[in-house]
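For reference, the structure discussed in these notes is given below.
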Amino acid sequence: MNVFYLPAEQIFGEVGELPEDEARHAIQVLRYREGDEIRCIDGQGGCYEGVVSRAAKKQLQLKITAQTTEEPVQHPVTLAMGYIRQKQRLEFAVEKMVELGVDHISIFHGDHSEPGKVRNDRMEGVIKAASKQSGRSRFPSFASFNSLDDFLSASDSERLIAAHEKVSDEKKQDKFEREQSLSAVVGPEGGLSDREVDLIKENQGELISLGERRLRAETAVIALAVLLK
Ligand code: SAH
């Protein structure tokens with residue numbers, strides 16, 4: 001069943017009004033009409049069931065008939081990835097983090113990242129689309145940082161890990177227990193610098209292996225995200 005994005009500020013008592021782009025898609029592509037049942041999420045944990053009460057070209061209103069709330073997780077997972085310039089790869093990595101259940105997504109400019117700028121608006125768009133597609137009623141948050149240092153200063157996770165291809169394969173990580181909030185770091189295509197590795201150690205971080213092969217950054221993100229959930 002299709003799920004639509006209905007931000008909290010578009011809900012007025014029992015009536016919800018979809019944002020214009022969502023309304024257009026619902027009406028013109030998916031052919032929703034008055035009286036149809038509809039499901040929405042607000043991105044902050046709210047799920048709504050309703051019935052379409054008005055369907056115009058770019059406007060869809062619904063009468064909310066049921067609401068449930070998904071509580072935030074107790075031990076959130078943050079995944080920070082080093083910036084890579086290839087937009088498609090970066091967006092792919094972000095999309096997979098959403099699907100695999102990462103709670104907070106960060107991109108940092110690593111010492112070995114190529115120059116470039118993170119388009120926060122694009123990332124928010126990818127996160128919204130992937131959240132809807134994968135049925136996440138609570139969208140992950142997104143932040144970008146100028147350095148790993150800035151990311152670590154802003155992090156309040158209880159545990160820190162970093163994937164590093166130079167770590168012995170014997171330290172290949174099994175699944176993590178979700179007993180603490182956790183931040184995980186994956187380097188950019190050029191890898192983590194020695195300085196960044198030292199910084200992680202200074203912050204009581206653990207370096208882990210994802211196996212004997214050198215993975216692309218986006219593959220490492222997926223491999224790690226699977227272990228985290
Ligand atoms: N420094 C390497 C490649 C970096 S791969 C080079 O340029 O040759 C990009 C990132 O993916 C790394 O910083 C690391 O975080 C992660 N990664 C890739 N393969 C890995 C492995 N086998 N174990 C742990 N992390 C890995």
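Indexing begins at 1, ligand by ligand and atom by atom, following the structure's order. FYI, side chains are in, hydrogens and waters are out, and symmetry mates aren't considered; it's all heavy atoms of this structure.
- The option with the heavy atom closest to atom 24 (C) of ligand 1, from among Val197, Leu207, Val221, Leu210, is Leu210.
- In this structure, Ile208 has a heavy atom closer than 4.0 Å to ligand 1.
- Only the backbone of Pro188 comes within 4.0 Å of ligand 1, judged by heavy-atom distances.
- Side-chain atoms of Arg89 never come within 3.5 Å of backbone atoms of Glu218 as a donor-acceptor pair (strictly under, hydrogens ignored).
- For atom 10 (C) of ligand 1, the closest non-hydrogen atom on the protein side is Gly187 O, 3.4 Å.
- Ligand 1 places these atoms under 4.0 Å from at least one heavy atom of Leu192: 13 (O).
- Ser113 places a side-chain N or O within donor-acceptor distance of the main-chain N or O of Tyr83, the cut-off being under 3.5 Å.
- Residue Ala163 has at least one nitrogen or oxygen atom sitting less than 3.5 Å from a nitrogen or oxygen atom of ligand 1, judged on distance alone.
- Between the side chain of Arg138 and the backbone N or O of Gln44, at least one donor-acceptor pair lies under 3.5 Å.
- Close approach to Arg213 involves these atoms of ligand 1, each under 4.0 Å from a residue heavy atom: 19 (N), 21 (C), 22 (N).
- Close N/O approach between Val186 and ligand 1 is not found [any backbone or side-chain N/O within under 3.5 Å].
- Polar contact with ligand 1: present for Glu165 (N/O pair, distance under 3.5 Å).
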* To do: Kindly indicate, with the supporting measurements, whether the criterion side chain to side chain contact (heavy atoms under 4.5 Å, CB included) is fulfilled by Val221 and Phe92.
  => CA-CA 10 Å; Val221 161; Phe92 175 84; over 6 Å; no
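- Salt bridge status for Glu124 with Lys128: absent, with no side-chain N to carboxylate O gap under 4.0 Å.
- Protein heavy atom nearest atom 18 (C) of ligand 1, with residue, atom name and distance: Leu215 O, 3.2 Å.
- Below 3.5 Å of separation, one finds no N or O of Arg216 facing any N or O of ligand 1.
- Atoms of ligand 1 found under 4.0 Å from any heavy atom of Gly190 (numbered from 1 in listed order, with element): 1 (N), 7 (O).
- Less than 4.0 angstrom separates some heavy atom of Ala220 from each of these atoms of ligand 1: 11 (O), 16 (C), 17 (N).
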* Worked check of side chain to side chain contact (heavy atoms under 4.5 Å, CB included) between Ile208 and Val167 -> CA-CA 6 Å; Ile208 61 146; Val167 170; 5.9 Å; no
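- Looking at Arg85, its side chain never comes within 3.5 Å of a backbone N or O of Gly116 through a donor-acceptor pair.
- Formation of a donor-acceptor pair under 3.5 Å by the Asp36 side chain with backbone atoms of Arg33 is found in this model.
- Sorted by first and then second residue, the pairs that involve residues 32-61 and meet ring pair (Phe, Tyr, Trp, His ring centres under 6.0 Å), not counting sequence neighbours, are Phe4-Tyr32.
- A side-chain donor-acceptor contact under 3.5 Å links Gln61 and Glu17.
- Not a single heavy atom of Gly82 lies less than 4.0 angstrom from ligand 1.
- Closest to atom 25 (N) of ligand 1 by heavy atom, among Glu189, His164, Glu212, is His164.
- Under the 30°/60° scheme for interplanar angles, the aromatic rings of Tyr5 and Phe139 are found to be tilted.
- Taking a cut-off of under 4.0 Å to the non-hydrogen atoms of Ser209, the atoms of ligand 1 that pass are 23 (N), 24 (C).
- For ligand 1, the atoms lying closer than 4.0 Å to a non-hydrogen atom of Gly191 are 1 (N), 4 (C), 13 (O).
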